[in-house]
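Structure record follows, encoded as structure tokens.
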Amino acid sequence: MVKTFNINNPEETIMLGEKLGNVLENGDVVLLLGDLSAGKTTFTKGIGKALGVTRIINSPTFTIVKSYKGTKATLYHLDLYRLDGLNNDFDLYEYIETDGVCVIEWPYQVEELLPKEYILVNIIRTYSEKRTIEIKAIGDKYIKKVEAL
Ligand SMILES: Nc1ncnc2c1ncn2[C@@H]1O[C@H](COP(=O)(O)OP(=O)(O)O)[C@@H](O)[C@H]1O
Ligand SMILES: [Mg+2]
């Protein structure tokens, strides 16, 4: 199950993130693909909004993970760009198996550790502020959620 959206500006990226956030529950995992500045963190802001996070969500590049307590769920926002292989004793499941929603930028840094099921969001820069955003359900768990978008 995959859905494709044509986006015209950052506000629309946030709105789509919010739409996805509205169908997410504790334990859900979202992987974000896209080049630097594609809009992964911007999309995460929308997810946070839906989860009732009021703190400003910004790039966690230097900390790897930031958590935000929302009124509906806790958001774990991971950015693995700077994770240097797996010799870091980084425990992904500490976050994935916690009661919360886990959103991961640069997930293929831990390809071997990824769960079997997840929502894959691919943000493709087309022109200026325009983006094509594909949202794909990997595994049965997420089919209905992506269908609902
Ligand atoms: N349609 C769009 N969606 C998201 N960001 C956009 C869009 N158009 C322009 N931008 C700009 O691109 C940058 C995206 O930054 P960010 O979300 O941090 O990207 P990433 O996390 O993928 O590196 C922001 O400065 C934002 O204002
Ligand atoms: Mg980012």
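Side chains are part of it too, since the values below use all heavy atoms of this structure and drop only hydrogens, waters and symmetry mates. Counting convention: from 1, in listed order, for ligands and their atoms alike.
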Checklist line | Glu25/Lys145 salt bridge by N-O under 4.0 Å criterion | finding: yes
Checklist line | Side-chain ion pair, Lys49 and Glu18, N-O less than 4.0 Å | finding: yes
Check: Where the side chain of Gln109 meets the backbone of Leu83, is there a donor-acceptor pair that is under 3.5 Å apart?
Finding: yes
Note to self: Within 2.8 Å of the Mg ion (ligand 2), is there any N, O or S atom belonging to Thr41?
What the structure shows: yes
Check: Can you pull the side-chain hydrogen bond (donor to acceptor under 3.5 Å, both in side chains) pairs that have at least one residue in residues 121-131, sequence neighbours excluded?
Finding: Asn8-Lys130
Check: Which N/O/S atom belongs to Glu105 and is the closest one to the Mg ion (ligand 2)?
Finding: OE1
Check: Charged N to carboxylate O below 4.0 Å: is that the case for Asp79 and Lys40?
Finding: no
Margin query: Counting only heavy atoms and a distance below 4.0 Å, can you name the residues contacting ligand 1?
Written below: Ile7, Asn9, Pro10, Thr13, Asp35, Leu36, Ser37, Ala38, Gly39, Lys40, Thr41, Thr42, Glu105, Glu129, Arg131
Item checked: Crowding at NZ, Lys45 (>12 non-hydrogen neighbours, <6.0 Å) -> yes
Notebook entry, point to check: When you look at CG of Leu36, are more than 12 heavy atoms from neighbouring residues, nucleotides or ligands closer to it than 6.0 Å?
Noted result: yes
